[in-house]
Asks: 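There's a structure below that I have some questions on.
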Amino acid sequence: MPTVCRMCHGGCGALVTVDGDRAVSITGHPGNPNNAGFLCAKGRASIEHAYHPDRLRQPLRRTGPRGSGSYRPIGWDEALAEVAERLATARERDGAESVVLAQGTDRNYQEWLFRFANAFGSPNVLGPAHVCFYPRVMAGILTLGGFTFCDYEHDPEVVVVWGSNKAATHGDGVIGTRLLSAVSRGTRLIVIDPHRTGLAARAECWLQLRPGTDAALALGLLHVVIGEGLIDKEFVEQHTTGYAQLQEHVRDWDPQRVAGITGVPEELIVRAARLYATAGSAAVELGTGTAQHASSFDTARAAILLSAVCGNLDRPGGDVLWDPQPIIGRRAMPMNEALPAEQAAKRLGAGRHRVLSMSGWAHPSAVWRAVLEQDPYPVRTMAVFGSNLLVAYADADRVRQALGALDFLCVTDLFLTPTAALADIVLPASGWLERDQIVEHANYVAARRAVTSVGESRSDEEILNDLAGRLGLEGFWDSAREALDARLAPAGTTWRELADGYYRPTELRHFKYRERGFATRSGRVALYHEGLQRMGYEPLPVYEAPVWHPRAGDYLLTSRHSKFYFNSEFRNVRSLRSKEPDPRVEIHPGTAAAEGIADGDWTVLEARGQQALFRARVTDEVRPGVLCAAASWWYPELPPDRSWRISNVNRLLRDGDESPAMGSSNLRGVPCTVRRAPDGLVAACLGTDRTEWAGELA
């Protein structure tokens with residue numbers, strides 16, 4: 001049966017073989033243009049994941065202290081009735097804003113959660129948007145009225161892969177396979193990354209910058225392009241505003257200055273700028289690595305301005321504006337109009353991080369403050385869908401403190417994660433093989449089809465739709481299945497037609513601005529943004545230097561995800577865990593020698609008064625002086641309230657120095673020390689037997 005994989009953010013086509021009501025094998029779909037038959041290790045582990053013996057199979061009520069993992073089974077009606085009652089009571093007592101709805105990485109139910117929150121009256125939806133895709137989304141919306149995707153279908157001459165390893169961890173859609181296909185046909189690469197990824201090894205230019213200095217590099221590239229007259233003069237004159245201000249703004253960002261900040265040699269900055277600007281077509285693939293520091297929004301804005309002044313917006317092989325199909329999807333499904341303006345004004349973090357608030361998201365540190373200090377109002381109730389909050393946010397100990405202080409916490413997930421083990425009610429979610437979903441992407445709309453079921457698990461959409469009915473919220477359906485036809489109706493099709501056809505490509509059109517302009521007030525690309533200035537932010541991109549002061553012996557800490565895991569997921573899946581059984585910190589040989597660390601040693605990282613345990617991988621792939629730690633690590637085999645503490649890089653990080661506009665936590669280039677772990681520490685933390693997950697490192 002053809003379907004669409006969702007073991008990560010991607011949308012790779014998959015073929016699932018079913019025997020009765022059980023999925024028995026899965027392969028890549030050779031007819032799907034997104035992945036042409038390829039399926040990564042995570043996708044191939046889908047069936048193992050679906051039928052994992054530790055799957056939650058029925059609703060649970062907590063019977064022991066928070067974090068103990070002590071629960072008893074209850075029925076769905078009892079569980080949903082209590083959740084609905086607790087949400088209604090909180091709204092009546094403290095206002096709808098006192099209820100926070102949280103989610104993890106989007107699994108095509110994000111728009112459902114926003115619809116529920118808006119209908120309920122809560123402005124507080126919590127997610128990883130501030131350190132993920134949304135700095136780029138909001139930079140695009142404010143600068144040119146939409147956000148762009150790289151047009152791999154028309155073979156860019158050059159692609160800038162920035163803060164991303166799309167070939168290995170292409171969680172941001174199916175761009176990894178599309179990118180590699182374009183490279184095989186002759187596309188040249190500029191890679192900007194502190195780590196020598198597989199793509200960096202294939203790049204014509206690899207800019208190994210210091211973590212967190214992306215905005216300075218972007219301003220340097222603009223300096224070269226503008227200073228050498230390598231711009232598209234016709235596009236700039238006819239379709240942008242503020243070029244003179246931009247030209248003056250980047251005048252001082254010469255390669256020598258930028259090299260001093262970023263560590264990238266001057267000649268390489270110049271070479272990369274010329275390669276990009278003189279290409280017949282070029283695209284910028286901006287990854288989440290650029291979104292996780294204080295200059296996240298400015299980096300995204302500068303990258304868009306670079307594309308604009310070189311005439312690469314909405315052209316074949318360039319950065320193409322998304323023109324979605326006419327379904328009730330990501331733009332209409334959230335039902336933003338249902339949230340009263342007076343409620344939207346109460347969004348947590350809105351006063352400080354106004355651009356993030358414009359996108360509909362609350363800021364995490366503001367949420368924890370409202371829980372712990374009742375500032376600016378009390379938050380006592382939270383419902384979490386598919387997020388292991390304890391390993392997903394900076395200052396993890398404060399997150400734990402806040403979750404423990406709630407009056408009521410409900411978590412919907414597939415497994416009893418450390419976060420779920422704090423909940424009063426736990427609801428068992430279905431996996432991607434168990435649900436019918438509309439998959440919406442820039443390139444297509446497709447059908448994800450349920451092929452099996454596990455226990456009494458239900459989809460997040462079913463749960464939210466049921467809760468909406470119990471609370472009397474408007475804008476929902478008798479069932480989540482009924483919603484499928486309703487959402488597709490504007491496109492003149494039905495769920496059955498989409499499921500039978502499997503895949504509905506989106507017509508790709510270029511140069512749309514020639515007929516209708518850009519969706520901004522002026523109809524042009526706002527290089528200089530007066531609206532941002534009125535909001536109290538810089539009208540042109542700036543580089544925010546770190547507020548910390550490194551001490552003698554400090555290195556720069558950054559992190560990255562593994563190709564075998566997706567954020568915090570899958571460390572309990574044996575076939576994947578065996579490939580990478582321990583949390584790794586990558587250390588340059590020079591650093592390792594200076595600290596007396598050998599490859600395979602367990603080490604202690606320390607930053608801001610906190611410690612975490614990682615196993616050393618000594619490699620010259622990482623920049624000298626940089627420590628690159630595994631992100632979102634926890635140990636499913638350990639007791640819940642210990643499992644998240646030992647190797648959680650987010651315990652080393654703090655909020656408070658985040659970006660002004662988007663509130664992106666500073667996860668890159670944080671001062672950190674490393675030392676070899678004392679004898680006995682690993683056994684004390686993890687136990688003496690570490691053979692269970694042993695296997696070859698890929």
Side-chain angles (χ1 to χ4, degrees), residues 3-4 6 59 75-88 91 96 99 101-103 106-123 125 324-340 343 360 383-386 410 412 425 427-441 445-451 453 456-502 504:
T3 185
V4 182
R6 199 60 171 178
W76 269 107
D77 190 64
E78 180 183 353
L80 291 174
E82 177 164 348
V83 174
E85 180 184 358
R86 297 298 291 265
L87 295 180
R91 180 172 59 180
V99 175
L101 287 303
Q103 70 156 73
D106 180 26
R107 293 296 173 82
N108 294 120
Y109 59 80
Q110 174 177 300
E111 56 266 34
W112 277 85
L113 191 68
F114 270 98
R115 191 179 190 92
F116 182 90
N118 288 329
F120 182 80
S122 174
V125 177
Q325 295 189 34
I327 67 169
I328 300 176
R330 291 190 178 276
R331 296 187 178 181
M333 184 66 181
M335 206 166 64
N336 295 325
E337 67 279 5
L339 184 69
Q343 286 300 106
V384 180
F385 290 81
C410 172
T412 300
I425 297 290
L427 303 178
S430 59
W432 75 267
L433 289 167
E434 304 158 60
R435 57 178 74 183
D436 291 326
Q437 283 186 320
I438 298 167
V439 181
E440 184 183 14
H441 192 264
V445 170
R448 179 173 295 121
R449 302 167 66 182
V451 299
S453 61
E456 299 176 19
S457 63
R458 297 185 183 181
S459 71
D460 304 81
E461 299 96 309
E462 291 178 273
I463 295 167
L464 288 164
N465 199 70
D466 191 306
L467 287 173
R470 291 170 184 266
L471 290 163
L473 305 184
E474 296 184 358
F476 288 81
W477 296 269
D478 290 338
S479 69
R481 183 59 182 267
E482 181 183 314
L484 296 171
D485 281 337
R487 295 179 60 195
L488 291 168
T493 190
T494 65
W495 168 252
R496 178 46 51 199
E497 289 172 347
L498 180 63
D500 288 345
Y502 164 58
R504 179 183 170 120

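Not measured: the values here are computed from a predicted model.
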Asks: To the nearest 0.5 Å, how far apart are CD in Gln437 and CG in Asp460?
Replies: 8.0 Å
Asks: Return the set of residues passing side chain to side chain donor-acceptor pair (under 3.5 Å) with Gln325 (not counting sequence neighbours), or none when no residue passes.
Replies: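 Checked Gln325 against side chain to side chain donor-acceptor pair (under 3.5 Å); matches are Arg504, Thr506.
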Asks: Looking at Ser457, Ser459, Ser453, which hits side-chain hydrogen bond (donor to acceptor under 3.5 Å, both in side chains) with Glu434?
Replies: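 Result for side-chain hydrogen bond (donor to acceptor under 3.5 Å, both in side chains) with Glu434: Ser457.
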Asks: For Trp477, check ring-ring contact (aromatic ring centres under 6.0 Å, His included) against everything at least two apart and list the hits.
Replies: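 Applying ring-ring contact (aromatic ring centres under 6.0 Å, His included) to Trp477 gives Trp112.
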Asks: Can you check whether Leu113's main-chain N or O pairs, donor with acceptor, with Gln103's side chain at less than 3.5 Å?
Replies: no
Asks: Quick one, Met333 and Met335 - any side-chain contact, counting heavy atoms below 4.5 Å?
Replies: no
Asks: Who pairs with Arg331 by salt bridge (charged side-chain N to carboxylate O under 4.0 Å, His left out), at least two apart in sequence or on another chain?
Replies: none
Asks: Determine yes or no for a side-chain-to-main-chain donor-acceptor pair under 3.5 angstrom, with Arg448 supplying the side chain and Thr3 the backbone.
Replies: no
Asks: Say you draw a straight line from CZ of Arg449 to CH2 of Trp495; how long is it, rounded to the nearest 0.5 Å?
Replies: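 Atom-to-atom, Arg449:CZ and Trp495:CH2 are 7.5 Å apart.
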Asks: Could you check if a side-chain atom of Asn336 sits within less than 4.5 angstrom of a side-chain atom of Asn118, using non-hydrogen atoms only?
Replies: yes
Asks: Please identify each residue that fulfils ring-ring contact (aromatic ring centres under 6.0 Å, His included) with Tyr109, with sequence neighbours left out.
Replies: none
Asks: Does Asp500, at its CG atom, have more than 12 non-hydrogen atoms belonging to other residues, nucleotides or ligands within less than 6.0 Å?
Replies: yes
Asks: Does Tyr502 have any ring-ring contact (aromatic ring centres under 6.0 Å, His included) partners at least two apart in sequence or in another chain, and if so, which?
Replies: His29
Asks: Taking only residues two or more places apart in sequence, or in another chain, which ones meet Thr493 in a side chain to side chain donor-acceptor pair (under 3.5 Å)?
Replies: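 Only Glu497 meet the side chain to side chain donor-acceptor pair (under 3.5 Å) criterion with Thr493.
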Asks: Could you tell me whether Glu474 atom CD has more than 12 heavy atoms of other residues or ligands within 6.0 Å of it?
Replies: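 No.
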Asks: Quick check against the 3.5 Å criterion: does Arg435 have a side-chain atom that pairs as donor or acceptor with the backbone of Ser430?
Replies: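 Pair found, side chain donor or acceptor close to backbone of Ser430.
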